Amino acid sequence: MTDVTNLDGAITLVTGAGRGIGQGIAQVLSERGAIIAVSDLDGAAAEVAADALNAAGRTAAAFQGDTTSQDSMDALAAAVLDEFGRIDVLVCNAGVIGAPGYHERTDHTEADWDATFGVNVKGFVHTANSVAPHMRDRRAGKIVNIASHGGRKPRGARAVLGNIQAPYSVSKAAVIQWTHLLAIELAPHNINVNAVCPGTLWTPMWEAIAENRKASDPELAEFTPREIFEMSVKDRMPMGREQTPRDIGKAVAFLVSDDASEITGQALNVNGGAVMN
Ligand SMILES: NC(=O)c1ccc[n+]([C@@H]2O[C@H](COP(=O)([O-])OP(=O)(O)OC[C@H]3O[C@@H](n4cnc5c(N)ncnc54)[C@H](O)[C@@H]3O)[C@@H](O)[C@H]2O)c1
């Protein structure tokens with residue numbers, strides 16, 4: 001790892017990289033020379049994403065792993081070390097908006113709290129538990145946690161009840177605090193830990209959010225999910241445009257480069273100015 005445009009040979013594990021933002025992060029980092037361990041709960045999606053990187057002349061391998069299980073993350077880290085010999089960069093990205101069926105519910109349920117905290121919070125803890133000891137031994141490493149600007153600012157005027165995104169946004173606030181704690185613990189071991197807070201991106205996750213809004217707000221019934229997404233972008237983004245998975249990848253590339261060697265414990269918004277703290 002030398003600078004933002006050159007991540008040559010950096011062995012990088014990205015969770016949830018079979019699609020969406022994780023796939024965009026894997027693409028950008030691999031274009032800058034990183035070798036990518038593409039990991040996902042959906043092993044077939046990880047295979048397709050890794051094949052696409054290899055077909056483009058990059059180096060990648062696919063791994064199946066469930067971040068909600070410590071055993072699965074231990075096995076994943078062992079498999080990546082077996083394949084590539086070390087892990088320089090860890091990107092904890094795998095996340096969920098809620099439990100299955102989220103898109104048609106009008107309020108959150110116990111299952112949404114369990115799903116968001118299981119994947120978005122404990123999943124990040126499990127993944128760090130599996131990889132950080134290896135980085136500590138080598139006195140080198142970069143960890144980036146994908147949080148959300150939803151973890152910083154409550155949405156709209158709704159309180160917790162009637163706000164289907166409450167479990168998600170609380171889980172993402174927890175990711176930011178987890179980033180602070182991990183950064184303090186790992187700083188003496190020369191390991192940087194930061195978070196990126198994406199804004200509004202058209203991925204399967206946002207499609208579920210739009211379907212949920214369409215189902216629960218009669219005024220939105222006539223619009224397609226994509227139109228609902230575009231209205232949200234227009235309402236919320238001072239820069240007037242949506243973010244893309246590659247935009248998040250570029251921020252991650254900076255944070256794992258030597259240009260960011262004195263940056264740790266920070267949460268970087270990549271959201272066109274929608275939330276500014
Ligand atoms: N899309 C947005 O607008 C947005 C905004 C802010 C933050 N984020 C965050 O970015 C990250 C990626 O979001 P996305 O929009 O690409 O979502 P997505 O639903 O499109 O993709 C998530 C990926 O994570 C995988 N995954 C889910 N549970 C897993 C588990 N237990 N173990 C391993 N992999 C698992 C899925 O199989 C999928 O490939 C998430 O942490 C999300 O909260 C997204």
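Whatever order the structure lists ligands and atoms in, that order sets their numbers, starting from 1. What's counted below: heavy atoms across the whole structure, side chains too, no hydrogens, waters or symmetry copies. These numbers were taken from a predicted model, which means no experiment stands behind them.
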Open item on the list: If we only consider heavy atoms of D66, is any one of them less than 4.0 Å away from an atom in ligand 1?
Closed with: yes
Open item on the list: I'd like to know if A208 contacts ligand 1, where contact means a heavy-atom distance under 4.0 Å to any ligand atom.
Closed with: no
Task: N192-T264 side chain donor-acceptor pair, cut-off 3.5 Å - done: no
Open item on the list: Give the atom numbers and elements of ligand 1 that come within less than 4.0 Å of a heavy atom of T200.
Closed with: 3 (O)
Open item on the list: Is a donor from one side chain sitting under 3.5 angstrom from an acceptor on the other, for D66 and T68?
Closed with: yes
Task: Pairing residues for M205 by the side chain to side chain contact (heavy atoms under 4.5 Å, CB included) criterion, not counting sequence neighbours - done: I97, Y168, T203
Open item on the list: Any nitrogen or oxygen of L41 lying under 3.5 Å from a nitrogen or oxygen in ligand 1? Just yes or no.
Closed with: yes
TODO: Please identify which atoms of ligand 1 are closer than 4.0 Å to at least one heavy atom of G20.
DONE: 16 (O)
- [ ] Do me a favour and list the nearest non-hydrogen protein atom to atom 44 (C) of ligand 1 with residue, atom name and distance?
- [x] I21 CD1, 3.4 Å
Task: Backbone of N93 reached by a side-chain donor or acceptor of T15 within 3.5 Å - done: yes
Task: Residue and atom name of the nearest protein heavy atom (relative to atom 26 (N) of ligand 1), distance in Å to one decimal - done: A94 CB, 3.9 Å
TODO: Measure from atom 8 (N) of ligand 1 to every heavy atom in F124, Y168, W206 and give the option owning the shortest one.
DONE: Y168
Task: Nitrogen or oxygen atoms of N93 and ligand 1 under 3.5 Å apart - done: yes
- [ ] Give a yes or no on whether a salt bridge exists between R226 and E230, defined as a side-chain N under 4.0 angstrom from a carboxylate O.
- [x] yes
TODO: Using side chain to side chain contact (heavy atoms under 4.5 Å, CB included) as the criterion, list what pairs up with D114, not counting sequence neighbours.
DONE: E110
Open item on the list: So if I count the atoms of ligand 1 from 1 in the order they appear, which ones are less than 4.0 Å from some heavy atom of G199?
Closed with: 3 (O), 5 (C), 6 (C)
- [ ] Flag the pair D88 and R86 as a salt bridge only when some basic side-chain nitrogen lies within less than 4.0 angstrom of an acidic carboxylate oxygen.
- [x] yes
Task: Element-labelled atoms of ligand 1 that are located less than 4.0 Å from some non-hydrogen atom of P204 - done: 20 (O)
TODO: Closest by any non-hydrogen atom to atom 33 (C) of ligand 1: pick that one out of A17, G118, G65, G16.
DONE: G65
Open item on the list: Under 4.0 Å, heavy-atom basis, I'd like to know which part of Q243 is in contact with ligand 1: side chain, backbone, both or neither.
Closed with: neither
Task: Atoms of ligand 1, numbered as shown, that sit under 4.0 Å from any heavy atom of K172 - done: 40 (C), 41 (O), 42 (C), 43 (O)
Task: Presence of salt bridge, D112 and R105, under 4.0 angstrom - done: yes
Open item on the list: With a 4.0 Å cut-off on N to O distance, would you call E242 and K234 a salt bridge?
Closed with: no
TODO: Specify the protein heavy atom at minimum distance from atom 37 (O) of ligand 1: its residue, its atom name, and the distance to 0.1 Å.
DONE: D40 OD1, 2.5 Å
TODO: Of the side chain and backbone of W202, name the one, both, or neither that has a heavy atom under 4.0 Å from an atom of ligand 1.
DONE: neither
TODO: Evaluate whether atom CE of M231 has more than 12 neighbouring non-hydrogen atoms of other residues, nucleotides or ligands under 6.0 angstrom away.
DONE: yes
- [ ] Specify side chain, backbone, both or neither for T67, according to which of its non-hydrogen atoms lie closer than 4.0 Å to ligand 1.
- [x] both
